[in-house]
Number of protein chains: 2
Amino acid sequence: MSSDFALESIEVSSSPRERFVEYLQSKGKRVTPQRLQLVEHIFEGHDHFDADGLIDEVARLKGKRISRATIYRTLDELVDAGLLIAMSLRGRRVYEHDYGYPQHDHLHCKHCDKLIEFHSEELQNIREAVAREHGFRVTSHRLIITGVCTDCGRKQNRQQSPLDLV
Amino acid sequence: MSSDFALESIEVSSSPRERFVEYLQSKGKRVTPQRLQLVEHIFEGHDHFDADGLIDEVARLKGKRISRATIYRTLDELVDAGLLIAMSLRGRRVYEHDYGYPQHDHLHCKHCDKLIEFHSEELQNIREAVAREHGFRVTSHRLIITGVCTDCGRKQNRQQSPLDLV
DNA sequence: CTTTGTGCAAAGCGTTTGCACTATT
DNA sequence: AATAGTGCAAACGCTTTGCACAAAG
């Protein structure tokens, strides 16, 4: 409390890699090159991705080869560790960074599949009000607003999405 | 325009079966016993269901036997016809009545998988505001609030859900 | 009679798993 | 040395599809 670095203990800003290592150690799991390479790659910038895309990207990475199985297993661990959030979109799993990101929801363009983030304070209130009303203990929510983004709207939206499944 | 039944063309309240038949005919599709049996069964009361449950139920129905393939194909048609809405939950498709139901969203209990419906007027406003802000043309939205329902909460929530995927 | 729908079984797609081998602890 | 992780390929669960036969228009 009276440390020179008191503020640091509130504003811990460790890297995703560090957080993941901590998590692994706290669970008695091992720190492997594959796991490290994956956290680092995933947090090098791109935000929304699926396992398949990741497999492709990682395939042409310099380091150790990483198998499909390990990628799926590591993604689960990153979700457990609170570094990633998973959601289901068109029947496949999509991941996004959780660590260091403010709570948000998504606009989903059904033409180009793009995800646009937004934040709404009021949504939090709705969530609480509804939960209270139904005696429900909330752990999370997911709001996806589906439609057509500006770019695709301009393209006169020629084709219709075959299946309107959100 | 000057018909005796001008009002009827605004407030048509036909049954799901009638609507489906209209839809099929308008598309040049055929009205088959399987399709009719399915609409009727689906709109006989139960609200949220998946293809598998439907297959089981239909299996012990008196009428014509209906194959898995036909059930999947007909569900797609019912969605196209605007009678059902499909959503993805834990990686599987779940359907619910759209025809004759007011717009609503869901609380999803991750223990017992129950879906509870609720309606929020404010959510519509959020939706519009966000869309306007991003130049997005909205066609639909889906809000799922995940947590533990009253019943499961009482049972001291012993076990944790293995995968927190919404 | 033409054309679409059905049932079957096989294929597809994303994800998971069993197992022998490798590597971390 | 003991135990957990990896890669591989096979298995899985849900959904879709190709094809020959049946039936609606």
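Numbered from 1 within each chain, the chains take letters A, B, ... in sequence-line order. Just so you know, these numbers use all the heavy atoms, side chains as well, and skip hydrogens, waters and symmetry mates.
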Whole Å only: how far is the [atom1] atom of [X] from the [atom2] atom of [N]?
{"X": "A:Y72", "N": "C:dC13", "atom1": "OH", "atom2": "P", "result": "13 Å"}
{"X": "A:L36", "N": "C:dA23", "atom1": "CG", "atom2": "C1'", "result": "13 Å"}
{"X": "B:K27", "N": "D:dG25", "atom1": "NZ", "atom2": "P", "result": "17 Å"}
{"X": "B:Q25", "N": "C:dT3", "atom1": "CD", "atom2": "C1'", "result": "17 Å"}
{"X": "B:D50", "N": "D:dG13", "atom1": "CG", "atom2": "C1'", "result": "12 Å"}
{"X": "A:D56", "N": "C:dG14", "atom1": "CG", "atom2": "P", "result": "11 Å"}
{"X": "B:R90", "N": "C:dT16", "atom1": "CZ", "atom2": "P", "result": "13 Å"}
{"X": "B:F20", "N": "C:dG5", "atom1": "CZ", "atom2": "P", "result": "10 Å"}

Contacts of B:R17 that satisfy side chain to side chain donor-acceptor pair (under 3.5 Å) - sequence neighbours left out =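 Listed in chain order: B:E40.
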Pairs in or reaching into residues 95-108 of chain B: which pass salt bridge (charged side-chain N to carboxylate O under 4.0 Å, His left out), with residues at least two apart or in two chains?
->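 Of all non-adjacent pairs touching residues 95-108 of chain B, none passes salt bridge (charged side-chain N to carboxylate O under 4.0 Å, His left out).
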Of B:V31 and B:R92, whose nearest nucleotide on DNA chain D comes first from the 5' end?
->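 The residue mapped nearer the 5' terminus is B:R92.
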Rounded to the nearest 0.5 Å, how far does CD1 of B:I71 lie from CD1 of B:I42?
->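 Going from the CD1 atom of B:I42 to the CD1 atom of B:I71 covers 8.0 Å.
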If you measure from NE2 on B:H104 to OG on B:S120, what distance do you get to the nearest 0.5 Å?
->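 Output value for this atom pair is 13.0 Å.
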Does A:R93 pair with A:D52 as a salt bridge, N-O distance under 4.0 Å?
->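 No salt bridge links A:R93 with A:D52.
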Residues in ring-ring contact (aromatic ring centres under 6.0 Å, His included) with B:Y95, at least two apart?
->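 For B:Y95 the ring-ring contact (aromatic ring centres under 6.0 Å, His included) partners, ignoring immediate neighbours, are B:F49.
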Assess whether atom CD of A:E122 is packed by more than 12 heavy atoms of other residues, nucleotides or ligands within 6.0 Å.
->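 At most 12 heavy atoms, drawn from other residues, nucleotides or ligands, come within 6.0 Å of this atom.
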Between A:R30 and D:dG5, does any side-chain N or O lie under 4.0 Å from OP1 or OP2?
->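 It does not, given that no N or O in the side chain of A:R30 lies less than 4.0 Å from OP1 or OP2 of D:dG5.
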For the helix from C:dC1-D:dG25 to C:dT25-D:dA1, figure out the bend between the end axes, five pairs an end, and round to 10 degrees.
->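 The angle, to the nearest 10 degrees, is 30°.
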Residues sharing B:L143's hydrophobic cluster, by side-chain heavy-atom contacts under 4.5 Å among ILVMFWY, directly or via others?
->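 B:L143 shares its hydrophobic cluster with A:L107, A:I116, A:F118, A:L123, A:I126, A:V130, A:F136, A:V138, A:L143, A:I145, B:L107, B:I116, B:F118, B:L123, B:I126, B:V130, B:F136, B:V138, B:I145.
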Aromatic plane relationship, B:F20 with B:Y23 - under 30° parallel, 30 to 60° tilted, over 60° perpendicular |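 Parallel.
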Contact pattern, 5' to 3', of nucleotides 6-11 of chain D - B, S or - by protein heavy atom under 4.0 Å = BBB---
